[in-house]
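Below is one structure, written out as structure tokens; comments come after it.
We name chains A, B, ... by the order of the sequence lines, and we start the count at 1 in each one. Keep in mind that the numbers below use all heavy atoms, side chains included, and drop hydrogens, waters and symmetry copies.
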Amino acid sequence: MQENENCKNIKASRRDFFKQSSLLAAIALTPSAVINAAQQEWDEKVASAIEEVSVQLDVNGIKHSLSIEPRVTLLDLLREQLHLTGTKKGCDHGQCGACTVHVNGNRINSCMTLAVMQEGKKITTIEGLAKGDKLHPMQEAFIKHDGFQCGYCTPGQIMSAVACIREGHADTEAEIREYMSGNICRCGAYPNIVDAIMEVKKGGKKV
Amino acid sequence: MWENLFSEGKPGALDRVDGKQKVTGAAKYAAEYNLGNLSHAVLVESTIAKGRIKNIDTKQAERAPGVIGIIHHGNAPKVPGYDTGDNPAKPPTGGEPFRIFQNARVYFAGQPIAVVVADTYERALYAATLVKTEYDKDEHETDVEENKDKANRPKGPRFEDYVRGEANAYKTAPVKVEQEYILPIEVHNPMELHATTVVWEAEDKVKVYDKTQGVKATQKSIMDAFKLKEQNVQVIADFVGGGFGSALRTWPHVIAVILAAKKVNRPVKLVLTRPQMFTMVGYRPYTRQRMGVGATMDGKLVGITHEAISETSTYEEFTEGTVNMSKFMYACPNVNTNYKIVALDKSTPTWMRGPGEATGAWALECAIDELAYALSIDPVQFRIKNYAEMDQQRKLPWSSNFLKECYEKGAEAIGWNKRNPKVRSMREGDWLVGYGMATGTFGAGRGRATAKATLLADGTLLLQSAVSDSGPGTATAMVGIASETLGLSPSKITFDLGDSSLPPGPTQGGSTTTSTLGSAVYDICIALQQKLLEVAAAKEGSFLKDAKFEELSFKDGAISRKTDSAKKISYTEVLKQSNLPQIELTKDSQGGDERSKYSMYSFSVHFVQVHVHSLTGVVRVKKAVTVADAGKIVNKKTAGSQMIGGVVGGIGMALMEEGIFDHRFGRYVNNNLADYHVPVHADVPHVEVLFVDKKDPYTNPMGTKGLGEIAIIGFAPAVANAVYHATGKRIRELPITPDKLI
């Protein structure tokens, strides 16, 4: 399995590195029991057994059974382990909204929640919004109104925009601006994003 | 060609060619490549602003689970391209890059002093907290105000004091304004965190996925640092999540990841944290400017004096053209400027959107407004009265200048003449209402680029050049230019970018990409047409035999004579009848001597209406009209977005952005997006964008000028001038926060 291959390589290169490094000198002065423990990599084995917990997640309709460290955020799990990199990291502190995803239909900052807290919940990311090749109306509207430039905040803006309409917070431009203010766009596509949301809202399609 | 570019179905109205990738999450940025055996790096930062590292203890961190390696100045391999390294007896001089992990010196707080590599991000992050460092601390200086007497003129002719006519002649004018204007540190903060992923493919061959505005420039930096051959360094930047200047340099952390990947012998990825975006990738420097402007009673400028003091780091000299605009912008017989910088214990600043001019325009355009009010002349009329018929500094004609049209269009759109010009005269409930305007300008440059074109037998065209796009929509603009020049539907054209192994393209900066690269695309399309004609005419019995290029029309993927559009041959047919699988051309492109004959600038005029709360001092930009004379516009949709983006950046600059230092510790206190405020949806009104959209006859074959910089240059002073009109209060220190208005 790919994962096992990775693990072997991790350990091999860790050993290689320490062989070359000054730690070797330190080991020479350490009691033999500790050296033995280090050489057997007991620390890693014990640590990983204790540290990992199992969790079941439904991401974009696909069920994942995972064994993860409890400190892994939903954002890092999506990006680093599931390779769903459409969800973006912009601050890691819930300040920018780039990591917005839907959990059971509600928008949240995925950097602000641990993956293990999402046991059994339905998570939708930007990759799960389109139906195959058919783009979601919000995605279409963002293209039409040029609701982005660099594209980095875009997945978060779109996930937030869809939720904004579902919440009933998209009746006026002023209301959209207020309820979209958790999603920062540094390129400054705000007016075009508001136009896109207004169009989808007025179009009346279920989002 | 180049007429009716924006009608339906024409390339000027094209949606972004990479739009679908961006809205579906398929677009890949530097940290998003799923490489086998990838490890994660986290940087450890200095906690002092100046001194030396006495001891760095990594034992505990090395024992932490998953740690693969820790690299710092004590164990880092030498970077062969760096000089001999530390010489404590000799202070660093301007232009020497900071040599990461090569010595024990600390130049600024937040300096990367070690990198921890582990098998997962979480493990690297935790282990980095276990690295313990002791320092020999020196006294630091980080405050421009405290150190402005130590400021010096940078070396080189560009920064010599400038005098035209008499220095300080404004003092002799019957009406004059003498004021100082302060601009705080501003931080680019693109939404994508700077990230680098490195794979050593062989002992002397490296592949680097990086957030860079210039894949070729980054490739060159890496080649130089590691003494590698060009073909052995590949830099990839398929998508770049904004830059605004922060990704114009190859920063030390990039070198650190390359070092780390070599040392741990596996791929390494580093993503900076948001706080690190404040200290490791530059910022717009704090600048204090003194303006003296004077005019005759009937409103003709007599003199402009513009002096600036800004900052740099102790290890590098960063300069920008802060006082340049004052030298050429207005018809004024007497102008003198002076620019100084002070070296402080901070990281090096860098170019930020509208570098130099955005800072300079803040002072000049406020001072001009103050003078107009002092003269009781309408600020728009005052500017028109002092309109420069030619470049006042270089004494050259403008290649094009439609400023007067910009003033007219903008004033009309915002209802300038319907306002009550009297200060503090307009009100809506608790809100004081004010109108303001200001001008911006930036040089319209054209550099050198190479483009490759491959016309395939199926009639599709592949264009390639090693440029990266941080957001403006380069590929979209290039497809538009190619479509219009070659006479081929945009749907048949693909533009490849973001890879240093493609033919050399320009760095995306200074509002030059469309001019530079667009010209290369234009030239290669003309070359392709000539080649098509050559191939077609060589065929026995061709109706194009002996045809002259000028007599022909290339339209809808076919060649015909202009005089007889019914008889034509399609590009695919040309290839087919000669049994050619494709036509492939590569061409280098650059301008001629037009730059020595004409002065080339883009211009912008911004009009705003603000509401200022009479009790709380809260300022809201309620309307914004931004007008650009940027030559021919290639794509109205993306160009419009870029102008709106400049306005949004300008709102931040005017009302909220400020990097705040605690000088006791020499470090930021607001290095995150909760405390460093940037505009959000609720801060931005509808923005009206207007283009003069007239071809510049000299800049390049398309007649474009630049756009990215002028979008922001002049916007902040327009807001400040509107706040004055609303309240009667001049705020000369940005940002204009409520405390300054109460």
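Most heavy-atom pairs under 4.5 Å with chain B: of the set A:Gly86, A:Ala189, A:Cys150, A:Gly188, this distinction falls to A:Cys150. In terms of heavy-atom pairs under 4.5 Å with chain A, the best-connected choice from B:Val684, B:Thr638, B:Val687 is B:Val684. Listed options B:Val648, B:Thr273, B:Thr120 were ranked by heavy-atom pairs under 4.5 angstrom with chain A; first place goes to B:Val648. In terms of non-hydrogen atom pairs under 4.5 Å with chain A, the most contact-rich of B:Pro685, B:Gly649, B:Ser39 is B:Pro685. Options B:Gly19, B:Gly25, B:Ala118, B:Ser641 differ in how many heavy-atom pairs under 4.5 Å they form with chain A, and the most are formed by B:Ser641. If you tally non-hydrogen atom pairs under 4.5 Å between each of A:Lys144, A:His136, A:Glu178 and chain B, the highest count goes to A:Lys144.
For A:Asp146, the parts lying near chain B are the backbone and the side chain together; criterion is any non-hydrogen pair under 4.5 Å. Heavy-atom distances place both the backbone and the side chain of A:Glu127 under 4.5 Å from chain B. Both the backbone and the side chain of B:Lys20 come within contact range of chain A, judged by heavy atoms closer than 4.5 Å. Contact annotation for B:Pro190: only backbone heavy atoms (N, CA, C, O) come within less than 4.5 Å of a heavy atom of chain A. Both the backbone and the side chain of A:Lys89 come within contact range of chain B, with heavy atoms under 4.5 Å apart. With a 4.5 angstrom heavy-atom cutoff, A:Gln81 does not touch chain B via any of its atoms. Within the 4.5 angstrom heavy-atom criterion, no atom of A:Leu129 approaches chain B. Both the backbone and the side chain of B:Gln642 come within contact range of chain A, with heavy atoms under 4.5 Å apart. Only the side chain of B:His40 comes within less than 4.5 Å of a heavy atom of chain A; its backbone N, CA, C and O stay farther away. In this structure, the portion of A:Ile158 lying under 4.5 Å from any heavy atom of chain B is its side chain and not its backbone. For a residue to count as touching a neighbouring chain, one of its non-hydrogen atoms must lie under 4.5 Å from one of that chain's; by this rule A:Glu69 touches chain B with the side chain only.
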Run the side-chain donor-acceptor check on residues 238-245 of chain B: report pairs under 3.5 Å with partners two or more places apart or on a different chain.
unit_1, atom_1, unit_2, atom_2, d
B:Asp238, OD2, B:Tyr33, OH, 2.5

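Between A:Ile193 and A:Phe142 there is a side-chain heavy-atom pair separated by less than 4.5 Å. Contact check for A:Val55 versus A:Gln118: no side-chain heavy atoms found under the 4.5 Å cut-off. Contact of the A:Cys96 side chain with the B:Arg274 side chain is not registered, since no non-hydrogen atoms from C-beta on lie closer than 4.5 Å. Side-chain contact check for A:Met180 versus A:His169: every heavy-atom pair is 4.5 Å or farther apart. At least one side-chain heavy atom of B:Met643 sits under 4.5 Å from a side-chain heavy atom of B:Leu707.
A cation-pi arrangement is not found for A:Lys201 relative to A:Tyr179, the charged atom failing to lie both closer than 6.0 Å to the ring centre and inside a 45° cone about the ring normal.
In this structure a side-chain-to-backbone donor-acceptor pair under 3.5 Å is present from B:Asn672 to B:Ala674. In this structure a side-chain-to-backbone donor-acceptor pair under 3.5 Å is missing from A:Arg107 to A:Val162.
Under 4.0 Å is where a charged nitrogen must lie from a carboxylate oxygen, and between A:Glu80 and B:Arg123 no such pair does. A salt bridge between A:Arg79 and B:Glu32 is present, with a side-chain N of the basic residue lying under 4.0 Å from a carboxylate O of the acidic one.
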